[in-house]
Amino acid sequence: MTGTPRTLAEELRTRTDRGLVGLLRARPDLLNPVPGDVTQLATRAGTRASVVRAVERLDRFVLQTAEALAVAPDPCPYDTLGALMAGDAGDPAVAAELPRAVAELRAQALVWGPDDRLRLVRTARELLTPSPAHPSPTGLGPTVAEAMAGMSPGRLQEIIAAAGLPTTHDPVTAVGALTTLFADRVRMAALLDTAPAESVAVLDKLLWGPPYGAVTDRPAPHLQWLLDRGLLIPAGARNVVLPREAALHLRGGRAHHDAEPVPPALSPATERDPQLVDNAAASQAFTALATVEELLKEWDLGGPAVLRAGGMSVRDLKRTATALDTTEQLAAFWLELAYAAGLIASDGEADERFAATPAAEEWLQLPDHARWAELAAGWLAATRAPGIVGTADAKGRALAVLGPHLDRSPAPEVRRRALALLAALPPGTAVPASAVLARLRWERPLRGGAPAVGHLPADGDGAPAAPGPADDLRSRLAQWTLAEAELLGVTGRGALATHGRALIDSPSDSTAPTPAETTAAATRAAALLAPLLPEPVDHVLLQADLTAVAPGPLRRPLAEALGVLADIESKGGATVYRFTPGSVRRALDAGRSAAELQEFLAAHSRTPVPQPLAYLVDDVARKHGQLRIGAAAAYVRCDDDALLSEILADRRAATLRLRRLAPTVLAAQTSPDQLLDGLRAMGYAPAAESAAGDVLIARADSYRTPPRTAPAPVPDGPPSPDPTLLAAAVRAIRAGDLAATAERKPVQAPAPAPGGFPRTTSAETLATMQAAVLTNSALWIGYVNADGAASQRVIAPVRVEGGFVTAYDHTSDEVRTYPLHRITGVAELADDSV
């Protein structure tokens with residue numbers, strides 16, 4: 001194609017395959033489905049939904065450039081755009097970055113045309129052009145021509161006469177003369193030199209927007225001076241507006257108050273020893289593993305019930321926070337972290353409740369660094385946002401932890417980008433969260449609501465209030481990311497740890513790596529974390545005050561056994577366990593004998609077993625099982641009838657409603673569990689028994705959900721296409737465009753309408769196909785598939801037989817077979833078309 005492109009489609013046809021691949025990679029929504037040709041691609045690139053998505057992904061300076069084009073003449077020369085961005089005084093930083101911004105807009109098909117005729121895509125112009133309902137971030141108002149549309153010719157002549165211009169014969173030339181005056185720096189400056197000081201003050205208040213104000217029925221003299229000369233133009237019954245050309249003169253030609261060609265610096269930076277950062281992160285990573293493990297242990301026998309609307313109740317969240325010794329907000333994070341890793345889920349039963357999954361058993365058996373890798377990979381890819389737990393949804397209902405409405409699709413991209421900014425700093429360097437947020441806002445500018453029209457007082461005092469910054473989701477996600485990364489041990493003391501850098505290191509150029517890439521990166525990070533985690537120990541230190549001190553993390557079998565035999569009293573670098581009659585009875589209920597407990601303590605203690613602890617174990621074991629509880633509703637049996645008499649005589653047993661059935665048997669009108677708890681509360685040590693009379697052994701890990709998978713992230717728009725798909729899509733678009741635009745030879749049939757399909761008889765179609773096989777020429781055909789979808793194709797027939805034609809299809813770039821009865825018509829191509 002030669003000459004200047006007249007449409008976006010013509011401009012896209014001139015692009016190389018690499019240029020089309022770049023467009024489709026930047027705007028993957030254009031690929032679903034793959035456009036049939038370049039015209040379809042251009043049409044889809046101009047739809048409102050696609051343009052909105054593309055504009056939302058521009059950085060601040062590129063967006064400012066698009067906003068300047070929206071208030072510039074259409075088409076706009078590059079020099080005019082540069083003047084709007086840098087102003088009359090110029091700005092070297094803007095001049096240096098403006099080519100990049102224009103190239104980015106071109107690459108995303110938001111701007112097309114040569115440098116002397118830059119055109120913003122029509123839909124983008126409609127989105128970014130100022131209007132009363134949707135003010136522009138530039139703060140500019142309508143042009144003089146737009147603001148004066150509908151004004152009476154007489155009033156127009158009065159305005160240009162007051163501005164010192166000669167009268168004209170029609171409204172168009174009058175508006176043009178006033179526009180030229182406002183754009184002329186010298187004449188406009190001379191006009192403003194004659195303005196009252198109060199009038200200039202009013203213009204200054206409207207200068208950077210909003211450009212609208214309100215006046216009374218009888219404006220003050222300094223306001224009337226502005227109205228008489230068109231520097232304020234009526235925009236309704238009592239509203240006025242500052243026209244765009246006048247505002248640009250007062251601004252020195254700048255479309256924006258502050259152009260931001262370069263991103264804000266990540267400062268102030270605090271340099272720390274990288275080894276100290278890694279150690280702090282590793283310590284917190286170990287704490288995270290211990291917290292999740294404690295959560296799973298807390299839910300071993302089943303967790304809280306699932307609300308009817310999904311999620312956990314506030315009461316259950318408070319109980320979980322108390323059990324984890326943390327706040328409710330942090331408890332929500334640990335719950336969502338375990339849920340994202342697939343360690344907890346609902347059981348799906350009729351009385352639905354949460355519980356650990358079978359995957360939790362496998363997770364508990366992994367080494368510490370591998371367990372951390374699974375948590376980190378799940379957190380990085382999850383779209384669920386624990387930070388919004390407790391806030392109200394659109395209907396005013398509080399969002400519940402583990403509930404169905406916590407997904408926020410931008411979360412993974414924000415997490416990765418926030419960590420990538422930290423990774424760009426030297427090792428051990430930390431910056432304030434505000435610096436990270438400022439950079440993220442520059443990379444994805446935030447679009448707040450439209451500002452309200454200001455009110456201009458009659459005396460000119462006061463000014464419309466500027467809209468405040470929007471409280472946006474991305475900023476909150478970034479703040480939560482930095483806090484959660486510290487909790488998880490990805491960062492330490494505000495800086496990214498070495499294993500944190502490996503966690504986000506992916507070979508993919510995409511901001512959304514594949515699950516396999518995320519898992520591989522987490523594995524590399526785990527390998528770096530492993531040497532920093534404390535080695536598990538296989539012993540404790542028993543003390544005479546019935547406590548045991550674990551000098552480090554215990555090996556899993558020892559920790560599980562000791563967790564049954566004793567209660568955790570305090571945590572930290574050394575965990576303190578306390579032995580009580582209740583904890584020893586719990587170990588006996590689990591099937592251990594007194595001798596086994598004594599042997600266990602002696603084998604795993606670096607100090608001798610204290611005499612008080614040995615006496616405690618023997619004393620509880622001697623009493624354990626003297627009383628036997630079974631189901632009658634429930635019964636108590638004991639070989640010592642005096643002990644049963646003692647229980648009957650105890651007033652505390654009245655609620656159990658016991659009666660003697662035999663010298664060694666009591667019956668109760670309550671359940672076995674209630675009877676066990678009641679007698680234990682009275683100081684006895686009963687044991688439950690089965691129908692055969694055997695002691696029932698209580699297991700703490702008896703309840704798990706059916707197999708569950710981790711929750712799937714909610715995608716933020718279409719997935720990023722891989723190189724193979726992009727290459728195939730470009731080939732299909734090129735081939736479809738060839739079929740749509742190739743020059744055809746005339747056929748003995750009515751010519752198809754533009755965009756239509758050829759129509760020939762069956763005999764003509766067969767004859768043309770057979771001739772093409774002999775001459776090895778290409779044909780243009782109309783084809784209807786089995787689903788009734790019609791398409792046009794360019795094919796090179798190879799063989800015609802049995803009612804089918806085998807041909808090389810230029811559209812799909814493959815050899816295919818077509819039934820002749822599905823071909824609507826055929827036309828030969830011009831000799832130089834393929």
Side-chain angles (χ1 to χ4, degrees), residues 70-74 125-126 129-136 138-196 198-207 209-251 450-460 463-464:
V71 299
D74 186 31
R125 178 173 288 275
E126 292 173 355
T129 298
S131 69
H134 301 286
S136 168
T138 61
L140 292 170
T143 63
V144 171
E146 293 168 345
M148 288 186 167
M151 185 177 290
S152 67
R155 178 58 181 158
L156 281 173
Q157 298 302 323
E158 292 176 0
I159 290 176
I160 64 172
L165 298 173
T167 59
T168 64
H169 298 290
D170 60 273
V172 174
T173 54
V175 170
L178 193 62
T179 301
T180 303
L181 170 63
F182 289 169
D184 189 317
R185 295 286 187 267
V186 177
R187 290 195 296 159
M188 185 65 169
L191 175 63
L192 291 175
D193 286 342
T194 65
E198 296 89 345
S199 300
V200 175
V202 170
L203 295 178
D204 289 340
K205 292 174 182 178
L206 298 177
L207 181 58
Y212 293 90
V215 294
T216 62
D217 292 335
R218 295 184 178 181
H222 61 279
L223 293 176
Q224 189 63 52
W225 190 93
L226 296 171
L227 290 167
D228 289 343
R229 289 156 181 79
L231 293 171
L232 288 182
I233 300 175
R238 295 190 178 185
N239 292 328
V240 293
V241 64
L242 176 65
R244 186 182 306 171
E245 293 83 356
L248 286 173
H249 171 82
L250 295 169
R251 296 179 177 192
V453 176
H455 294 282
L456 188 63
D459 59 0

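Side chains included, hydrogens not; waters and symmetry mates left out as well; all remaining heavy atoms used.
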| message | Does any part of the side chain of Leu181, heavy atoms only, come nearer than 4.5 Å to the side chain of Ile160, both counted from C-beta? | response | no
| query | Considering residues at least two apart in sequence or located in another chain, which fulfil the side chain to side chain donor-acceptor pair (under 3.5 Å) criterion with Ser199? | reply | none
| message | List the residues meeting side chain to side chain contact (heavy atoms under 4.5 Å, CB included) with Ile159, not counting sequence neighbours, and say none if there are none. | response | Met148, Met151, Arg155, Leu178
| task | Using the salt bridge (charged side-chain N to carboxylate O under 4.0 Å, His left out) rule, collect all pairs that involve residues 138-149, keeping only residues at least two apart or in two chains. | result | Glu146-Arg244
| task | Check Pro132 against Tyr212 and note the closest heavy-atom contact, atom names and distance. | result | CG-OH, 3.3 Å
| message | Keeping Glu158 on the side-chain end and Asp228 on the backbone end, is there a donor-acceptor pair under 3.5 Å? | response | no
| Is there any salt bridge (charged side-chain N to carboxylate O under 4.0 Å, His left out) pair reaching into residues 162-172, and which pairs are they, with sequence neighbours excluded? | none
| said: Taking the side chain as everything from C-beta on, heavy atoms only, tell me whether Thr129 gets closer than 4.5 Å to Ser136. | reply: no
| message | Going by side chain to side chain donor-acceptor pair (under 3.5 Å), name the residues that satisfy it together with Gln157, two or more places apart in sequence or in a different chain. | response | Thr168
| query | Is the backbone of Thr216 close enough, under 3.5 Å, to the side chain of Arg238 for a donor and an acceptor to pair up by distance? | reply | no
| query | Got a sec, which residues hit side chain to side chain contact (heavy atoms under 4.5 Å, CB included) with Ala177, two or more places apart in sequence or on another chain? | reply | Leu165
| field | Heavy-atom check, side chain of Leu226 versus side chain of Glu198, under 4.5 Å | value | no
